[in-house]
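Atoms considered below: every heavy atom in the structure, side chains included; atoms not considered: hydrogens, waters and symmetry mates. Positions are given from 1, in the same order as the sequence printed here.
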Amino acid sequence: LHSHVHKYPAQYVGRRNSSGGQQITGYHHGDHNNDWILLPEITNPPMDYENNKRIAIKDGDVIRLKHESTGNCLVSHDISSPNTGANQEVSAFPCANSTNDENYSKSLWIIRMKKGQTELFGKVTSFMLVHKDTGCSLFMGPQKLPDWGYKQLEVAAGRWERQLNWWRVDKRKIVLNENETQLLENYKEDQVKEEEGNENGGEGNENEEGEIKLVEGEPREEDQEDEKKEDSDNKRIKGNPETIQESEKDGEKPKKKKSSKKKSKKGKSKEEKAKEEPIVPLTPEEETDIQVATEFLEQQKPGFFKKFFEYMTVQIEQNNKLVEEGPPETSPLYWPFLVHGQPFWGSKDRKQKVYLLGNPFTWYIAFLSLPIYLVLLVLDVFAMRRGTTFLSKEQQNFLYQKGGYFMICYLLHYVPFFVMGRVLYFHHYLPSYLFSALIFTCVYQIFALKYKILNDAW
């Protein structure tokens, strides 16, 4: 649920008037304009939600949604929405914290949760927002808005319950009052001072002349090892006269090995800092909230069939949304007859093309095997009803077990295309064609067991 400072145009398509209010759209990406503050309705006595951050939102509660960036409240009114005239427009207008405000009644929304859910939790609770005045529920439509809406999705209010009406809280954050904000800033300042003290403790600072100046703190093990090496080098130079003579002949004085006491100025890593941070114990209220949320998640844990049904439902919904333009669309009814193929590519001068077309010989043989298979199936069932035999046990194995399995697969891969709302192409028939070819092999085996000529090697 997204909003920004831009307004609706004065008129929509078809010269329908708009409210000219702040746009409410659907946006797929994370943005600060997606943040909303949930406020309760004004009651007598008023609810002290600023000092009480743990007021639970229950099923059936009446709330107001205030856009955090612009400060306007979500409202709906008896004005047609931009794309669909049968639905109500949803907008955002300034709203005072008073029942006398003209937009107050329009900004009230009733929370309707799914069956079995009684309290609002982030990520897991699904709920509808029903407008209290009109009874319409907030939904996000699949249609995109024109250029004035930046091609974002339409958000409106309608009277029909569907999957697009359900919402979830993706993130939540606590809005701090002045005292809590000051305490948080003081805590951050103390943390910064503590980190600076840890970084300076026991480290060497280099001055402008390149000398090492020690600060307070215990010497490190690396420094002690460097000092031992330096002492041993000095002793070795002083105790070896040949080394001194050779260096004096060259006009050089014996050099002492400098110890490298410089330390990387990089601070501690984030992992080290995280380990050093004190663990703040949870309050009894926080422990209770975590326990309630955990129990709720255990109760809502879906089973296999529920997850499978949801997977198939989402798959079908997303598949029906593929309606963008492409190669010439074809009807599933003509796919088995190979009426025409599908163009894949064409050069700019239109002299070269890549065109998909099935092999007519194998294509029609595979398709004709379908009615032959059905005729054999009907004759064998009719013969069994009459108490006679039409096919042997081995032939029936190819007819029922293998052929029946391939026929079911063929229908499952072909029939659903007749009810799909998406754009359809010739290549969608290829999986069904594969199963029709396998049905042909079963039909061939049934006849091969009866006629010896089909068993001979070609």
Side-chain angles (χ1 to χ4, degrees), residues 2 4 6-16 18 23 25-31 33-34 81-85 140-156 163-164 311-370 409-440:
H2 180 89
H4 39 238
H6 305 286
K7 309 293 184 182
Y8 286 118
Q11 288 185 336
Y12 299 135
V13 178
R15 295 186 177 182
R16 293 180 290 112
S18 75
Q23 294 180 15
T25 62
Y27 195 53
H28 288 100
H29 308 286
D31 189 80
N33 284 324
N34 301 343
S81 60
N83 288 343
T84 51
M140 185 184 300
Q143 299 89 0
K144 292 183 179 180
L145 295 172
D147 292 338
W148 55 259
Y150 302 96
K151 299 296 184 180
Q152 296 176 5
L153 296 178
E154 179 194 27
V155 173
Q163 189 64 29
L164 300 173
Y311 168 75
M312 297 301 295
T313 303
V314 173
Q315 182 178 239
I316 293 173
E317 288 178 354
Q318 296 300 322
N319 193 46
N320 286 334
K321 293 179 181 178
L322 301 176
V323 294
E324 296 182 359
E325 296 182 359
E329 183 181 0
T330 58
S331 172
L333 185 64
Y334 302 108
W335 292 344
F337 303 103
L338 202 64
V339 175
H340 52 74
Q342 177 181 338
F344 267 93
W345 175 83
S347 61
K348 293 183 179 180
D349 56 5
R350 299 186 178 182
K351 293 183 179 180
Q352 297 177 344
K353 294 182 180 180
V354 177
Y355 195 80
L356 173 66
L357 186 67
N359 186 329
F361 179 74
T362 60
W363 201 272
Y364 287 117
I365 287 181
F367 174 69
L368 292 175
S369 64
L370 299 176
C409 292
Y410 174 84
L411 295 175
L412 290 177
H413 284 79
Y414 179 53
V415 174
F417 286 107
F418 286 92
V419 295
M420 284 187 183
R422 60 157 294 168
V423 60
L424 301 175
Y425 302 119
F426 174 69
H427 68 265
H428 289 144
Y429 184 71
L430 292 180
S432 302
Y433 162 73
L434 174 63
F435 287 111
S436 65
L438 293 173
I439 293 174
F440 165 74

State, to 0.1 Å, how close Pro82 and Leu145 come at their nearest heavy-atom pair, and which atoms those are. CB-CD2, 3.9 Å
If the condition is side-chain hydrogen bond (donor to acceptor under 3.5 Å, both in side chains), which residues does Asn83 pass it with, not counting sequence neighbours? none
Identified side chain to side chain contact (heavy atoms under 4.5 Å, CB included) counterpart of Tyr12 within the set Pro146, Ser81, Ser18: Ser18
What are the two closest heavy atoms between Val155 and Gly26, and how far apart are they? CG2-N, 3.5 Å
Straight-line distance of Gln342 CD to Leu357 CG, nearest 0.5 Å: 11.0 Å
Apply side chain to side chain contact (heavy atoms under 4.5 Å, CB included) to Val354 and list each qualifying residue two or more places apart in sequence or on a separate chain. Phe344, Trp345
By ring-ring contact (aromatic ring centres under 6.0 Å, His included), Phe337 pairs with (sequence neighbours left out) Phe367
Within a strict 4.5 Å, meaning less than it, do heavy atoms of the Leu356 and Phe426 side chains meet? yes
Do Ser369 side-chain atoms and Ile439 backbone N/O form a donor-acceptor pair below 3.5 Å? no
Any chance OH of Tyr334 has more than 12 other-residue heavy atoms, nucleotides or ligands included, within less than 6.0 Å? no
Under the side-chain hydrogen bond (donor to acceptor under 3.5 Å, both in side chains) rule, collect the residues that match up with Tyr414, sequence neighbours excluded. none
Residues in ring-ring contact (aromatic ring centres under 6.0 Å, His included) with His6, at least two apart? His4, Tyr150
What is the distance from atom OH of Tyr433 to atom CG of Leu338, rounded to the nearest 0.5 Å? 10.0 Å
Taking salt bridge (charged side-chain N to carboxylate O under 4.0 Å, His left out) as the definition, give me every residue that meets it alongside Asp147, ordered by chain and number, with sequence neighbours left out. Lys151
Could you work out, with side chain to side chain contact (heavy atoms under 4.5 Å, CB included) as the rule, every residue matching Leu368, not counting sequence neighbours? none
Tell me every residue that passes ring-ring contact (aromatic ring centres under 6.0 Å, His included) with His413, counting only those two or more places apart in sequence or in another chain. Phe435
Those residues that, when tested against Tyr429, pass side-chain hydrogen bond (donor to acceptor under 3.5 Å, both in side chains) (two or more places apart): Tyr410
Indicate the atoms forming the closest heavy-atom contact of Pro332 with Leu424, along with that distance. CG-CD1, 3.6 Å
Please identify each residue that fulfils side chain to side chain contact (heavy atoms under 4.5 Å, CB included) with Leu153, with sequence neighbours left out. His28, Met140, Lys144
Tell me, yes or no, whether the heavy-atom count around Phe418 atom CZ, taken from other residues, nucleotides or ligands under 6.0 Å, exceeds 12. yes
Sorted by chain and number, sequence neighbours left out, side-chain hydrogen bond (donor to acceptor under 3.5 Å, both in side chains) with Thr25 holds for Gln152
Applying ring-ring contact (aromatic ring centres under 6.0 Å, His included) to Phe417 and not counting sequence neighbours gives Trp335, His428
